[in-house]
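Beneath this line is the structure, given in structure tokens, with notes to follow.
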Number of protein chains: 2
Amino acid sequence: MMKQNTPVTLKFLAEKLKMSVSTVSKALNNYPTINEYTKKRVQEMAKDLRFTPNKSAINLKERKSRIIGVILPNLLDHYFTRTIYGLEQFATANGYNIIISQSQDDLEKEIQSANMLLRSRVDGLIIAISKHTQDYAHVDQFENIGTPVVYYARNPSFNLNCHKVLGNTFQGCYEATQFLIDRGHRKIAYLGGPKMISFTHDRFNGYINALRDNDIPFSSDFVAYTDFDQENTISAIQNLFADSENVPTALVAFKEPILFDAIKYLRSIKHPNFDKVECIGFGNNAFITYLDAPPIASIEENPESVGENAIKLLLQLINDQIEIQDYQKVMVDCKLVVH
Amino acid sequence: MMKQNTPVTLKFLAEKLKMSVSTVSKALNNYPTINEYTKKRVQEMAKDLRFTPNKSAINLKERKSRIIGVILPNLLDHYFTRTIYGLEQFATANGYNIIISQSQDDLEKEIQSANMLLRSRVDGLIIAISKHTQDYAHVDQFENIGTPVVYYARNPSFNLNCHKVLGNTFQGCYEATQFLIDRGHRKIAYLGGPKMISFTHDRFNGYINALRDNDIPFSSDFVAYTDFDQENTISAIQNLFADSENVPTALVAFKEPILFDAIKYLRSIKHPNFDKVECIGFGNNAFITYLDAPPIASIEENPESVGENAIKLLLQLINDQIEIQDYQKVMVDCKLVVH
DNA sequence: TTTCACATTTCAAACGTTTGAAATAATTGA
DNA sequence: TCAATTATTTCAAACGTTTGAAATGTGAAA
């Protein structure tokens, strides 16, 4: 209702109080050289007039923004949302805001987002790169002007000279496989994701290392890949279970949505053994409790922790608690959750 | 690797090019009074030196930030995430960034977030209020300095003098009930959420209006409420199905998680009729396809559209395409999805 | 009364832009 | 050649802060 009244600035307060702008500023910032009574007067007036310091001005002066940029593929993916959940809280608790930008797994959009954040003079960047990111020039820009960058959740295709925080997907898959072995399984299948995703291989390595450490022979018949598409998943499963002489008794899947497709398919074939296949997937979806044939366990990836570690590391870099060239690699362990 | 070189500013460019700062600024902003050749020289130099305009400076000068603040309870709630999905894309496409702040449904945190965003001089605020928000002073601050506010997703406890964008939960529940009636049901139960949530009543009204419009008598035996807690849900269901002479044949539930609890419970009791109860809930969860006893339909709330309408309205307010006192109420219709 | 020390306040520049007004340079016409 | 246009560039102030240096005021010691 009230019309756009003149903005309450330091100058405005100063005029009201008949003192200089710098006195007002120092009083509000509690400088020891300012008289106590003056401070009180200023602070009261500031409160009464609802003075709100202008962050743009402060940012300009201090050459920083107290904003962290976050670029990620997609907020509909619950994994990423969960990383943000942890990240946002930690940032806020430390006086930082975050600006989130979705790339939709599109390189062009990712570059645009990066440029936008660069203009905004974010104090740091946290990025989960798109599937198609091979060239990192748009990210390097930040480091070139001294703005630290943390890669997270997705592993860049080069290995050195960057800070990164990733889920320990190797360990997760190793433990899941070990769990199945401990339950007596020897014919364990691995259903991977797209081959171009590095996690597909990391998880495969976890799987195969667990087999090896238990002297279980590896058979390539027990390994298949899917691009997440439902039909594709089903044909992968058909391959894994093709040889009726040699059927897997357990399955580790790249993630739960494809595992659920697999389970559904296996149940649709009324084969007496297929119902008994014990399955584990990455994810730990909350709705598992409502499934009639739930996986025996889930690999909980702790995405909140991935997000939190990313922001923690970034803030340390921003505050020079870690040298920017002292490249860090943080692995967040998975946890096997038995249902 | 490169050390924090001197920042590339207009002044820096101007010195390199031996011309004034204002010429450089105008050249970059394509002023018609600037010579074409000069423009070319400036633009090339800017590109070579990777000049990035400092947004803090521009914001300060233009007295705006091109940032939209969003306050919402919780990013783990998929509904809110989906609103952000639509909202973020629309904002970015229009040159705005969004800063998201979670209140955790805590009033104190909501107030803190509001103050932080106020300091950041966001150009507008979109807020889904916490459960406990009764007093709106922290939000009114924005409007007092001329910053438009859109309430969304959650209905404020007052009704007038605000802009809001809400899911048309009445219509959704009406259609669901009508759908069940059309399938021949006459004993339809309604399982509501907490009574202090306004949507509980809106949905109830949709339910009861559908009954009335079809001349179906209403029985309070067929209405129960839950606070979302699982035990609470089960006891509500027990009440609804207590009278074995008069058992509902269909159920409309406040949202799917509680509906799934309800279905699970009904199935656990091996009553011959309980399996046939036809259920509908708000949500349209992607995992329904994996349930053995899926709801017959879901009420899709289109949260992306709620988010998108909120940002659209806000941008219109920011750009003075709508008078700030011309309070808008946008209802986003639900869609019944039959499984 | 001077002088000095200290407390307190103010000055002035800086952060990086934008922009209307003023200044200068180039071009045209007579 | 000179004034009058027109094209182009520069000046200078402003946006709202922060902060070291300078200025002012006060009281006490000499």
Side-chain angles (χ1 to χ4, degrees), chain A residues 4-43 45-46 49-67 118-123 145-147, chain B residues 4-43 45-46 49-67 118-123 145-147:
Chain A
Q4 186 113 8
N5 26 24
T6 63
V8 181
T9 65
L10 289 184
K11 192 172 153 202
F12 185 75
L13 290 182
E15 279 163 10
K16 284 262 177 208
L17 289 160
K18 296 195 185 309
M19 47 178 85
S20 77
V21 171
S22 40
T23 306
V24 176
S25 169
K26 286 173 178 169
L28 290 173
N29 289 307
N30 209 27
Y31 269 51
T33 70
I34 301 293
N35 182 282
E36 285 304 321
Y37 176 63
T38 309
K39 281 185 194 173
K40 183 172 292 174
R41 285 213 306 146
V42 172
Q43 278 155 10
M45 178 70 64
L49 267 50
R50 302 172 173 285
F51 168 73
T52 312
N54 183 316
K55 251 190 117 201
S56 295
I58 297 175
N59 293 344
L60 177 60
K61 188 88 231 295
E62 315 218 309
R63 295 150 154 270
K64 56 184 185 166
S65 62
R66 293 222 154 231
I67 293 178
L118 198 67
R119 265 193 287 284
S120 293
R121 291 292 190 279
V122 292
D123 290 346
I145 60 167
T147 304
Chain B
Q4 187 112 7
N5 26 23
T6 62
V8 181
T9 64
L10 288 184
K11 193 172 153 201
F12 185 76
L13 290 182
E15 279 162 11
K16 284 261 179 210
L17 289 160
K18 298 195 183 308
M19 48 179 85
S20 76
V21 171
S22 40
T23 307
V24 175
S25 169
K26 286 174 178 168
L28 290 173
N29 288 307
N30 209 26
Y31 269 52
T33 71
I34 301 293
N35 181 284
E36 284 305 321
Y37 176 63
T38 309
K39 280 185 193 171
K40 183 171 292 176
R41 285 211 308 144
V42 172
Q43 278 156 8
M45 177 70 64
L49 268 48
R50 300 170 173 289
F51 168 73
T52 314
N54 184 315
K55 250 190 118 200
S56 294
I58 297 175
N59 294 344
L60 177 59
K61 187 89 234 291
E62 314 220 307
R63 296 150 153 272
K64 56 182 184 165
S65 62
R66 293 222 154 231
I67 293 177
L118 199 66
R119 265 193 287 284
S120 293
R121 292 291 192 278
V122 292
D123 291 347
I145 62 167
T147 304

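Residue numbers start from 1 in every chain, and the chains themselves are labelled A, B, ... in the order their sequence lines are given, proteins ahead of strands. Since the structure is predicted, the reported quantities are computational estimates derived from the model, not experimental observations.
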Report yes if a side-chain nitrogen or oxygen of [X] is closer than 4.0 Å to either non-bridging phosphate oxygen (OP1 or OP2) of [N]; otherwise report no.
| X | N | result |
| --- | --- | --- |
| Arg63(B) | dG16(D) | yes |
| Thr23(A) | dT10(C) | yes |
| Asn35(A) | dT8(C) | yes |
| Asn29(B) | dT18(C) | yes |
| Ser20(A) | dT9(C) | no |
| Ser56(B) | dC15(C) | no |

Report the distance from atom CD1 of Ile58(A) to atom C1' of dG16(D), rounded to the nearest whole Å.
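It is 9 Å, rounded to the nearest whole Å.
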Can you tell me the distance, in whole Å, between the NZ atom of Lys64(A) and the C1' atom of dG16(C)?
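From Lys64(A) NZ to dG16(C) C1': 18 Å.
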Evaluate whether atom NZ of Lys39(A) has more than 12 neighbouring non-hydrogen atoms of other residues, nucleotides or ligands under 6.0 angstrom away.
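Yes.
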Per Ser22(B) side chain, nearest of listed nucleotides dT17(C), dT18(D), dT10(D)
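The answer is dT10(D).
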So which nucleotide from dT9(C), dT17(C), dT18(D) ends up closest to the side chain of Ser25(A)?
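Of all the options, the side chain of Ser25(A) is nearest to dT18(D).
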Taking atom types as they are modelled, is there a donor-acceptor pair under 3.5 Å from the base of dG20(C) to the side chain of Lys26(B)?
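Side chain to base: pair present.
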Any N or O donor-acceptor pair linking the side chain of Lys61(A) to the base of dT17(D) at under 3.5 Å?
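Donor-acceptor pair under 3.5 Å: no.
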Any heavy-atom pair between the side chains of Val8(A) and Thr52(A) that's under 4.5 Å?
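No, every pair of side-chain atoms sits at 4.5 Å or beyond.
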